[in-house]
Asker: 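Would you mind keeping the following structure in view while I ask a few things?
Any value given below was found using the heavy atoms of this structure, including those in side chains, with hydrogens, waters and symmetry copies removed. Note that the structure is predicted; figures quoted are calculated from it, not measured.
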Amino acid sequence: MNASAAGSTGSSGQIVVAGAGYAGLHVALRLTAKLHGHPVMELTLVDQHDYHQALTELPRVAGGTRAADAVRLPLQDILATRVRFVQTEINGFDLAGRRLLTGAGPIGWTRLVLTLGSRPNDFAIPGLAQRALSLYSADDAERVWAAVSKALTAAAAAAAPGRQRRLATVVVGGGGATGVELAGELAEILPEVASGHGLATDRPAVQLVEAGPTILAGSSPQLIDKATRILSDLGVQVRTNATIAAATEDGFLLKDGQLVEGGVFVWAGGLKAPDLVADSELPTGYNGRVKVDRYLRVLDHPEIYVAGDLASVTDPRTGHVLPPLAQAALEEGETVARNLDAELKGRPLEAFTFHDKGFVVSVGTRRGVADIAGITTGGRLTHLLKDAIEWEYRQSVRHLRGWDPVAR
Ligand SMILES: Cc1cc2nc3c(=O)[nH]c(=O)nc-3n(C[C@H](O)[C@H](O)[C@H](O)COP(=O)(O)OP(=O)(O)OC[C@H]3O[C@@H](n4cnc5c(N)ncnc54)[C@H](O)[C@@H]3O)c2cc1C
């Protein structure tokens, strides 16, 4: 169903996209072509990095099977000259003055698109932020792999088998898709890496600690069962109903008093909106995500659109807020680009509808599990499917750039 635009961007002005992740980059690429007929409408993309990060590939970087630079895609290779790119950190918002506050000074907008993604959420668990690594950027993934390599080196230098075992154990907190992918990747790769360090191949271990009754909560029981079997086959020790109460020097302390020891700790147990959004006057809901109407405009701020992890979008079919997924970010980015174009052309706006293409998780370097159209699959072909999705995404980014009629 459609609605009229609340206001018009007019024939001139500035569209500013804040964040060059999955949603923001998609908006910028799609709008570039659409704005061809509006030479006086400027498009600015702002990000703290001069590269786009293929976050779905981070578990491979953290597992040492992919270089961090391979998941940092330089924006200058992706964006056409038509887009003005500003590399700077966004510090806040002047909503009344319609300005983005950044390290490079204020940037005024006629329309703002907020696509700032998520941050790891430590739920104020004592010690977690200090003791555990996170996995939400290429830098994070590099840190995880460096810590794993360092721990294995330390384990090889230790004399007592017990100490070797403890140092060579990676503990992952959070049994969602990120935790499962990381645990699987490491479990598959660590025996070989350990042997390179002169350690016995059975010395390393991976533990996956999940507070809820199951890993991959929200997925079908069949998918959960298949993923659990593969993890078990890889030697991952999965602990469910295990709530982390604190992270100490000795390890993750569970609510029931047990201590989970290890040499490397990674937290993949939750996400929240960036703090600068919480500090703004934007209306926020669960986990600080920004509340939007069905056209993806901020409630009471029709001049600001939000897409991706930052948007709190309820799926009318389920009544639940959509999960933070690249798939949803891309679809929302598409609707935002269309609606901005509609505003420019005086056409009615389009309500967002999520078309669920399914859920695919890699478990280890060779196998995966998926729920697609009500059918659960698992095994090597499913891992290839995940590879294909990631390859297709990279191709689509190039292809979208190719749509720009005035591309370099
Ligand atoms: C390890 C991992 C694996 C994942 N695997 C999958 C998967 O298999 N399938 C799937 O669908 N989803 C997956 N996801 C989720 C998916 O990556 C996110 O849902 C998606 O990235 C959200 O897109 P976004 O555009 O909202 O945010 P992002 O892609 O995170 O982009 C946000 C952008 O904003 C920029 N930014 C943020 N704050 C500032 C600031 N203050 N100043 C300047 N710039 C700023 C960042 O640099 C970044 O470029 C995974 C996520 C992780 C971490």
Side-chain angles (χ1 to χ4, degrees), residues 1-46 79-80 82-84 93 95 98 100 107-116 282-283 289-317 322 326-357 396-397 399-407:
M1 223 201 269
N2 292 327
S4 292
S8 167
T9 55
S11 58
S12 69
Q14 179 80 252
I15 296 174
V16 174
V17 181
Y22 286 81
L25 182 61
H26 190 87
V27 173
L29 290 169
R30 294 288 276 123
L31 268 180
T32 307
K34 291 177 185 290
L35 288 179
H36 187 48
H38 293 84
V40 284
M41 176 57 75
E42 284 180 20
L43 175 59
T44 301
L45 178 64
V46 185
L79 297 171
R82 178 69 207 271
V83 183
R84 174 176 164 244
F93 311 98
L95 297 182
R98 295 197 175 187
L100 204 57
I107 299 174
W109 79 73
T110 315
R111 289 291 180 272
L112 176 65
V113 182
L114 282 179
T115 49
L116 293 170
L282 295 167
R289 296 169 81 178
V290 180
K291 290 184 180 170
V292 291
D293 64 17
R294 43 215 290 270
Y295 311 105
L296 302 182
R297 303 173 304 181
V298 177
L299 298 185
D300 299 328
H301 285 281
E303 73 285 7
I304 306 176
Y305 287 86
V306 189
D309 285 8
L310 187 55
S312 178
V313 179
T314 304
D315 186 345
R317 288 167 311 168
L322 288 176
Q327 188 192 141
L330 292 170
E331 288 193 27
E332 288 163 16
E334 178 65 24
T335 295
V336 169
R338 283 170 190 254
N339 281 345
L340 283 164
D341 186 47
E343 283 199 63
L344 285 166
K345 294 177 179 156
R347 289 200 314 253
L349 301 188
E350 203 178 89
F352 174 72
T353 312
F354 181 57
H355 302 284
D356 191 353
K357 297 188 184 72
S396 77
V397 166
H399 175 67
L400 283 173
R401 181 185 180 278
W403 281 2
D404 180 9
V406 286

Asker: Once rounded to the nearest 0.5 Å, what's the spacing between atom CZ of Arg82 and atom CE of Met41?
Answerer: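 Arg82 CZ to Met41 CE: 9.5 Å, rounded to 0.5 Å.
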Asker: Begin with the C-alpha distance, continue with both residues' side-chain angles, and end with the deciding distance and a verdict on side chain to side chain contact (heavy atoms under 4.5 Å, CB included) for Leu25 and Leu79.
Answerer: CA-CA 9 Å; Leu25 182 61; Leu79 297 171; 3.9 Å; yes
Asker: At their closest point, which heavy atom of Ala28 faces which heavy atom of Val83, and how far apart are they?
Answerer: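 Looks like O-CG2, 4.5 Å.
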Asker: Show the nearest heavy-atom pair for residues Gly108 and Val16, with the distance to one decimal.
Answerer: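 Here Gly108 and Val16 meet closest at O-CG2, 3.5 Å.
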Asker: Any sub-3.5 Å donor-acceptor pair from Arg297's side-chain atoms to Glu303's backbone N or O?
Answerer: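 It does not hold such a pair.
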Asker: Looking only at non-hydrogen atoms, find the nearest pair between Glu332 and Ala311 and report the distance.
Answerer: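 Minimum heavy-atom contact is OE1-CB, 4.0 Å.
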Asker: Considering the options Val292, Leu282, Leu299, which one meets the side-chain contact (heavy atoms from CB on, under 4.5 Å) requirement together with Ile304?
Answerer: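 The passing option is Leu282.
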Asker: Atom OG1 of Thr44 and atom CD1 of Ile15: how far apart are they, to the nearest 0.5 Å?
Answerer: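 Answer rounded to 0.5 Å: 9.5 Å.
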Asker: Checking the side chain of Thr115 only, and the main-chain atoms of Ala18 only, is there a donor and an acceptor separated by less than 3.5 Å?
Answerer: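 It does hold such a pair.
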Asker: When rounded to the nearest 0.5 angstrom, what distance separates CH2 in Trp109 from CD in Gln14?
Answerer: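 If I round to the nearest 0.5 Å, the distance is 11.5 Å.
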Asker: Roughly how far, to the nearest 0.5 Å, is CD of Glu331 from CZ of Phe354?
Answerer: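 Interatomic distance, Phe354 CZ to Glu331 CD, rounded to 0.5 Å: 5.0 Å.
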Asker: Taking all non-hydrogen atoms of both residues, which atom of Gly24 and which atom of Leu45 are closest, and how far apart?
Answerer: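 So the two residues come closest at O-CD1, 4.3 Å.
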Asker: Check the pair Val113, Leu340 against side chain to side chain contact (heavy atoms under 4.5 Å, CB included), reporting the backbone distance first and the verdict last.
Answerer: CA-CA 10 Å; Val113 182; Leu340 283 164; 3.7 Å; yes
Asker: Give, for atom CD of Gln327 and atom NE2 of His355, the distance between the pair rounded to the nearest 0.5 Å.
Answerer: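 Here the interatomic distance stands at 11.0 Å.
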Asker: Heavy atoms, side chains only, cut-off 4.5 Å: are Leu100 and Val46 in contact?
Answerer: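 Leu100 reaches Val46 side chain to side chain.
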Asker: Which atoms form the tightest heavy-atom contact between Gly333 and Val27, and what is the distance?
Answerer: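 The answer is O-CG2, 3.5 Å.
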Asker: Are Glu343 and Tyr305 linked by a side-chain donor-acceptor pair shorter than 3.5 Å?
Answerer: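 A pair is found: one side chain offers a donor N or O, the other an acceptor, under 3.5 Å apart.
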Asker: Tell me if a side-chain donor or acceptor on Arg289 pairs with a main-chain N or O of Leu310 at a distance below 3.5 Å.
Answerer: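 No; zero donor-acceptor contacts below 3.5 Å.
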Asker: What's the separation between atom CG in Leu114 and atom CZ in Phe93, rounded to the nearest 0.5 Å?
Answerer: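 The CZ atom of Phe93 is 5.0 Å from CG of Leu114, to the nearest 0.5 Å.
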Asker: Can you give me the closest heavy-atom contact between Ala342 and Pro348, atom names plus distance?
Answerer: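 Scanning both residues completely, I find the closest heavy atoms to be CB-O, 3.6 Å.
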